[in-house]
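Below is one structure, written out as structure tokens; comments come after it.
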Amino acid sequence: MTDSEEENEEPAYVSRWKAATTGFDRVRSVASSLEEPRTAGWIAAEAYVSEPTTRNHLNRLVDLGVLVTEERARGTTYYPDPVYTRINALQELVAENSEAELTTHATEIQADIAAWKEEYDVETPRALRASVAEEIDVEEAQERLDVAADWESAQYHLSLLRDAIDHYDTYTARPSASA
Amino acid sequence: MSDGTGTSNARGLTYRLRRADGGRESSQDVGKRHRILRSLRDELERYPCVVHARGVPEGRYAEIEAELEPTYFGRESTQASLRMTWQPNPRFPPGVSLDNRVRTDLTSNFTVHYHESSGFECGVHLEANPHVEGHLHYQARASPDVAYTYEEVRLDAGSPVGVLWEVLELLSDRLESH
């Protein structure tokens with residue numbers, strides 16, 4: 001198949017995506033948003049980059065600590081490194097917020113959690129999810145499930161914020177200029 | 001080297017990832033949701049008419065909000081915004097399951113919803129909805145005081161960022177022809 005025939009078969013959205021990004025951008029963003037470990041072939045097909053090039057990009061990302069690999073029956077799979085992911089989130093928090101702003105966000109999340117506890121009369125998101133039963137209508141059930149997911153997400157963010165606040169000086173330390 | 005149940009990083013350290021389909025999935029899913037939303041925010045900022053994208057509420061990151069330039073779609077409104085959610089491994093209300101899902105292989109829930117200052121709004125949603133079969137659909141209304149119309153749509157992309165570009169293409173087509 002020639003390149004032009006290949007391009008003709010691409011969905012319309014891919015042209016706009018390719019015009020705004022490089023092949024490395026697309027491989028990195030597909031790999032960084034993976035929902036489960038995937039092979040280089042799967043990532044190549046999603047990113048619209050050839051498989052050998054995709055494999056090279058993925059191996060660079062493994063070397064940089066962005067991705068981890070796993071040997072499975074279907075071949076090597078790639079997935080975001082959870083340690084890199086957390087550190088990257090912390091980097092963003094301390095880069096974009098002062099220590100006082102981080103504290104304010106933590107206080108706001110604690111207030112959100114307190115409000116959910118009071119509104120639904122439960123202590124945990126698991127208990128809120130368990131309150132969804134057959135007798136509740138579908139819309140109310142979906143709302144409770146959505147709030148439970150947001151609640152768990154809020155707890156996760158609180159853990160990130162506490163980490164960022166507790167180590168703010170370390171995370172923002174820069175070497176002093178030499179004389 | 002992994003034994004098939006662990007993963008290896010650049011330094012050869014091997015450790016276990018929690019199962020994606022059960023066990024202690026909740027604590028993993030919240031980290032995954034945050035990671036995916038941050039990837040989607042970065043990707044949105046590459047889209048030609050996106051002025052700025054950020055996680056909201058600030059500090060909690062429940063969804064992504066982007067400011068758009070509506071003239072890119074041939075719209076006359078002066079302001080437009082896009083909101084996007086993504087929920088991996090969603091829990092479903094009683095009587096609803098992935099067995100009801102068609103026109104996509106995705107197992108997550110998501111919404112990508114466009115609003116403009118004229119009052120018009122539209123979006124592509126992958127979630128259970130009593131007005132449309134199969135979860136995946138397009139919905140639109142001319143103003144907040146009228147009912148939505150619904151339409152079945154299909155997606156081929158399988159990654160969150162691929163879905164974002166495919167959905168934005170679909171919305172672009174609808175906005176230009178509306």
Side-chain angles (χ1 to χ4, degrees), chain A residues 11-14 16-17 20-21 25-26 29-30 32-37 42-43 46-47 62-65 68-72 79-83 85-86 89 92 97 102 104-106 108-109 112 125-126 129 132-134 136 138 141-142 145-146 148-150 152-157 161, chain B residues 1-11 17 20-21 26-36 38-40 42-43 46-48 57-62 87-96 106-108 127-128 130 156-162 165-170 172-173:
Chain A
Y13 75 89
V14 177
R16 211 185 301 250
W17 193 10
T21 56
D25 291 337
R26 294 193 301 283
S29 59
V30 168
S32 296
S33 71
L34 285 176
E35 298 194 286
E36 59 185 281
W42 190 94
I43 294 168
E46 277 294 311
V62 172
D63 288 343
L64 291 168
V68 291
T69 60
E70 182 177 7
E71 300 303 324
R72 294 191 172 194
Y79 194 72
D81 184 315
V83 178
T85 300
R86 185 173 177 91
E92 189 176 298
N97 297 276
L102 292 172
T104 301
H105 293 327
E108 288 167 349
I109 290 178
D112 287 341
R126 181 188 289 263
R129 204 175 281 123
V132 173
E134 297 285 353
I136 297 177
V138 171
Q142 189 63 61
L145 294 171
D146 290 345
D150 282 348
E152 284 174 336
S153 179
Q155 289 174 326
Y156 172 78
H157 281 270
L161 287 163
Chain B
M1 180 65 68
S2 165
D3 62 4
T5 57
T7 59
S8 300
N9 67 5
R11 291 169 189 80
L17 284 177
D21 59 349
S26 287
S27 57
Q28 185 196 14
D29 285 348
V30 291
K32 186 193 295 183
R33 178 171 110 161
H34 184 221
R35 170 173 56 76
I36 292 171
R38 291 173 64 234
S39 294
L40 291 168
D42 292 347
E43 202 65 21
R46 293 182 166 135
Y47 194 78
E58 204 166 352
R60 188 154 71 74
Y61 236 101
Q87 181 60 50
N89 297 332
R91 310 299 175 99
F92 294 107
V96 179
L106 294 164
T107 56
S108 296
E127 60 186 359
D156 293 322
S159 67
V161 293
W165 283 89
E166 191 174 11
V167 165
L168 288 172
E169 193 69 25
L170 192 152
S172 173
D173 289 345

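Per chain, numbering begins at 1; letters A, B, ... match sequence-line order.
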Which heavy atom of [X] sits nearest to which heavy atom of [Y], and what is that distance?
{"X": "Pro94(B)", "Y": "Val132(A)", "result": "CD-CG1, 3.7 Å"}
{"X": "Leu145(A)", "Y": "Phe92(B)", "result": "CD1-C, 3.4 Å"}
{"X": "Gly162(B)", "Y": "Glu46(A)", "result": "CA-OE1, 4.5 Å"}
{"X": "Ala89(A)", "Y": "His34(B)", "result": "CB-CE1, 3.8 Å"}
{"X": "Glu92(A)", "Y": "Arg38(B)", "result": "OE1-NH2, 3.2 Å"}

Under 4.5 Å, counting heavy-atom pairs only, tell me which of [options] racks up the most with chain B.
{"options": "Asp25(A), Val14(A), Thr104(A)", "answer": "Asp25(A)"}
{"options": "Ala106(A), Pro125(A), Ala12(A)", "answer": "Ala12(A)"}
{"options": "Asp150(A), Ile109(A), Val30(A)", "answer": "Asp150(A)"}
{"options": "Ser153(A), Ala20(A), Ala141(A), Ala148(A)", "answer": "Ser153(A)"}

Go through Ser172(B) and Arg16(A) one step at a time and tell me if the side-chain contact (heavy atoms from CB on, under 4.5 Å) criterion holds. CA-CA 11 Å; Ser172(B) 173; Arg16(A) 211 185 301 250; 3.5 Å; yes

Look only at the side chain of Arg35(B) and the backbone of Ser32(A), and say whether a donor-acceptor pair between them is shorter than 3.5 Å.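 The answer is yes, because a donor-acceptor pair under 3.5 Å joins these two groups.
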
Is any side-chain heavy atom of Glu152(A) less than 4.5 Å from a side-chain heavy atom of Arg33(B)?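 A side-chain contact is absent here, since even the closest heavy-atom pair is not under 4.5 Å.
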
Does Glu108(A) reach the side chain of Pro57(B), with side-chain heavy atoms less than 4.5 Å apart?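 Sidechains of Pro57(B) and Glu108(A): no contact.
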
Residues in side-chain hydrogen bond (donor to acceptor under 3.5 Å, both in side chains) with Tyr47(B), at least two apart?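 side-chain hydrogen bond (donor to acceptor under 3.5 Å, both in side chains) list for Tyr47(B), sorted by chain: empty.
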
With a 4.5 angstrom heavy-atom cut-off, is it the side chain or the backbone of [X] that approaches chain A, or both, or neither?
{"X": "Arg60(B)", "answer": "both"}
{"X": "Ser159(B)", "answer": "both"}
{"X": "Glu43(B)", "answer": "side chain"}
{"X": "Glu58(B)", "answer": "both"}

Can you list the residues that meet the ring-ring contact (aromatic ring centres under 6.0 Å, His included) rule with His105(A), with sequence neighbours excluded?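 His105(A): no ring-ring contact (aromatic ring centres under 6.0 Å, His included) contacts found.
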
Nearest 0.5 Å, what's the [atom1]-[atom2] distance between [X] and [Y]?
{"X": "Ser33(A)", "Y": "Leu40(B)", "atom1": "OG", "atom2": "CG", "result": "6.5 Å"}
{"X": "Arg26(A)", "Y": "Trp165(B)", "atom1": "CZ", "atom2": "CH2", "result": "9.5 Å"}
{"X": "Tyr13(A)", "Y": "Asp156(B)", "atom1": "OH", "atom2": "CG", "result": "7.0 Å"}

Arg46(B) and Thr21(A): side chain donor to acceptor below 3.5 Å: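 On atom types as modelled, these side chains do not qualify, holding no pair under 3.5 Å.
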
Can a side-chain donor-acceptor contact be found between Glu169(B) and Trp17(A) if the only test is distance below 3.5 angstrom?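 Looking only at side-chain atoms, Glu169(B) and Trp17(A) do not form any donor-acceptor pair under 3.5 Å.
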
Would you mind telling me which of Pro88(B), Ala62(B), Gly158(B) has the largest number of heavy-atom pairs within less than 4.5 Å of chain A?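 Top option by heavy-atom pairs under 4.5 Å: Gly158(B).
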
Out of Ile36(B), Val167(B), Leu106(B), which one racks up the most heavy-atom pairs below 4.5 Å with chain A?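 Result: the option with the highest number of such pairs is Ile36(B).
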
